[in-house]
Amino acid sequence: MKPFITAEPSKTKSALILIFWLLIWQIVYLAVAKDVIIPSPANTFSALGQLLLTQAFYRDVAATMSRVLAGIVISFGAGLLTAIGAYLIFLVRDIMGFMINILKSTPVMAVIIFALLWLPSGNVPIFVCFLMCYPIVYTNVLAGLDSLSRDYIEMSRIYRIRRRDLIESIYLPFVAPHIKSALSLTTGLSWKTVVAAEVLSSPAFSMGYNLLNAKVYLDTESLFAWIIAIVALSMAFEKIVNLLLGIRRGGPAK
Amino acid sequence: MGEPSSIGAMKKKICAIMLMLSLSLSPLLTGCTPDNQDQLSSPISIGALNGPTGIGMVQLMESPEKYAITTYQSPDEVVGKIITGEVDIAAVPSNLAAVLYNKMDGGVVLLGVNTLGTLFIVENGQSISSPSDLSGKTLIASGKGGSPEFILNQLLLTAGLDPQKDLTITWLLNHSDVASTLMAKEGTIAMLPQPFTTIVTEKNPKVRVAVDLNAAWEKSLKMTLPMGVLIAQKSFIEERPEDIAVFLADYAASVDFVRSDPKSASALVAKYGIIADAAIAEKAIPGCNIVFIPAKDSKSDLINFYGIISAMDPKSVGGTIPDEAFYYSGTE
Amino acid sequence: MIEVSHIYKRFNKDYLFEDFSLIFKENQVTSLIGPSGCGKTTLLRMMAGLESYESGSISGIDQSKVSFVFQEDRLLPWLSVYQNIALVLKAKCTPAEVGEKVSAVLALLDLSAASDMMPFELSGGMQRRVAIGRALAYDGSVIFLDEPFKGMDDKLKGEVLEELATAWNKTGKTVILVTHDLVDARRLSDTIYELGGRPLAQIGVLD
């Protein structure tokens, strides 16, 4: 009995699936019949097309993307460093454990108003992204480190393996998958949190600001157009990151 | 002051009709009482904001069996309720009424203007005394997309400033957030309407009113500033014309009451939680510029206003300035 | 001479080792046999410096230069056979030397063909041989082996025993191993200590 393998659909299949969902959209649009709630696919794509012709679009996309990158770098960097510190030093682990619990239970969006008191509105989304992504990186990397069997460490002690080799040949290959999954998770989450935070803190150049504007003027075609742009960019970004991670993988690491 | 004559005439007409109806239904009724003309066929749901528009309705809140009134923090919430049909009547910024008219294919009707200009630049500090002083500064405000945004832009342009380039405007989600930021952080400059202006200056003596935007507007454009209006679902107008008339009468009475007796009104304002402190409410009410100017009488000012702001940005009115059908003309 | 003197060690409340002493001759193969769970492995680990004891002393062993073959092999699954053995040589040999030593040891244990294979591709017996090869290549002053023939079938055991006997005769290392099979012990060892009881005590000596 052949095992059922779920492979990625072929290119034509993906195109057909896309067309299917566009048809569903068109049907819903006709059924709801209120442009102001659901715009037609045609109008939305024409609005999107017009957006792509404006300079402002690229300016805003660049601004949001730079915030996403900043958020990822800061969250990942801090998460990695503190996780390593926690692994090596008990005190760090105890202190950070407390912090992480607090961060995980904080209603992040409610913090935005206070963030706006101390940070310029352009940095608030980065801060919010950090609040959400840092705990994930920290928890994942630390769990990865902790799961390295003590047996291997003992073996390395007996054979006097140098710290350099210990890290290169034992820790790195073992923890790499955990680090990669943390990075992958962070990438997806960063997009969502940055854009959502942009809607609430409305820095002048941002994709979120455009979402807010479209909503407020009841310009639902633009709203949907921007959402499509955001989703498309987020997916492309994640794909690129996953590709890079895949390429970085040296040997058949688990 | 006093009810516009058209409503008075309508009232007489309605009483006459009710009288006839009640006579024909006399086995069921005890006869025509003066209160008959105030009955509704069924309750009306109303959405207002937690500012002057809510305050203006405060007397209506005393009749919950007739009026189900909910106050919201920001105009988008009210706008949403109109679109879904959850409210029959709503108080919205004047430009958003036009946006709704366009986006809903004429599905709303403007009943009248209920707020004239009540915008101020307020500062936790001493550096601003006229719009041109805002150059290079950061201003916080709320109500993006509503009349305040365009009023501000217009006045900045008049003062020679480009709203995009010469200063930073940060839009928060509602007036309360702006008020709390203003009170908490020194050096904050904000744009706020009444009653928030009075609330913050009473609570934090360091906060002062820097610029009266309505005075500036009237001075440079020589017209009154119709900031907020009352709209109704078109379907409601068509199906329940008598109820609209009753509502308009009651509403006009409520506005009169608030204007002429702020002290008693402020007690109700506190009771219904619009402003927690009745004493502050009493001080704020006069500055709120609460009125009721029926559609017929406010039409020309509104058309002017729409012309000015749509020239800055057609999106501000939803693309085109509304036509005649937008304005409520009463039941014939 | 390696001296284990007056070792005391508790396990929970009971004494696992109570005034335990034993002597090992150098440059020969000594086996420890006895029922499983009696503490033979613990003794081995204490001598290798992997576990502590409450009082007593162990002398004659430079614990910074010992090899250990674990019961579970403990090969790194993401490194090849070659890389697993090379890893323990990196700290003290030049890359050229590493290559030589690994090849030599692989040849000795008949593993040359498997040099680039991954542990999961090998049978249990071959994995064990790699672990032994690693211990040999490291060239510790003492080689400890914890149940090195556990789970091997007789044929395989025969082959490995031959190779090991040759290897040790050639090098003259001090080898201390734990096993529960007397026959295996007899084939390899110069001295066999029989251990048992709680606390652990030497019951007999053979050879």
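In what follows, every heavy atom counts, from backbone to side chain, and hydrogens, waters and symmetry copies are set aside. Residue numbers begin at 1 in each chain, while the letters A, B, ... track the order of the sequences.
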**Prompt:** Between T118(B) and Q194(B), what is the shortest heavy-atom contact and its length?
**Reply:** OG1-N, 3.0 Å

**Among I169(B), V317(B), I83(B), residue most engaged with chain A (heavy-atom pairs, under 4.5 Å)** = I83(B)

**Under 4.5 Å from any heavy atom of chain B - which part of L212(A)** = side chain

**Fill in**
Between A91(B) and L49(B), the two heavy atoms sitting closest are O-CG, 4.2 Å

**Message:** According to side chain to side chain donor-acceptor pair (under 3.5 Å), who are the partners of E324(B), at least two apart in sequence or on a separate chain?
**Reply:** K299(B)

**Request:** Might you work through the side chain to side chain contact (heavy atoms under 4.5 Å, CB included) test for L16(A) and F20(A), ending with a clear yes or no?
**Result:** CA-CA 6 Å; L16(A) 285 174; F20(A) 170 73; over 6 Å; no

**Request:** Mind listing the closest non-hydrogen atom pair of L156(B) and P131(B) along with its distance?
**Result:** CD2-O, 4.4 Å

**Nearest atoms (heavy-atom pairs only) where T115(B) meets P52(B)** = CG2-CB, 3.9 Å

For chain B and chain A, what donor-acceptor pairs lie under 3.5 Å, backbone included?
from	atom 1	to	atom 2	distance (Å)
D76(B)	OD2	K215(A)	NZ	3.4
I83(B)	O	K34(A)	NZ	2.9
K144(B)	NZ	N213(A)	OD1	2.6
E149(B)	OE1	Y217(A)	OH	3.2
W171(B)	N	S202(A)	OG	3.4
W171(B)	O	S202(A)	OG	2.8
K185(B)	NZ	L117(A)	O	2.6
K315(B)	NZ	D219(A)	OD2	3.3

**Asked** Nearest 0.5 Å, what's the CG-CD1 distance between L223(A) and I38(A)?
**Response** 11.5 Å

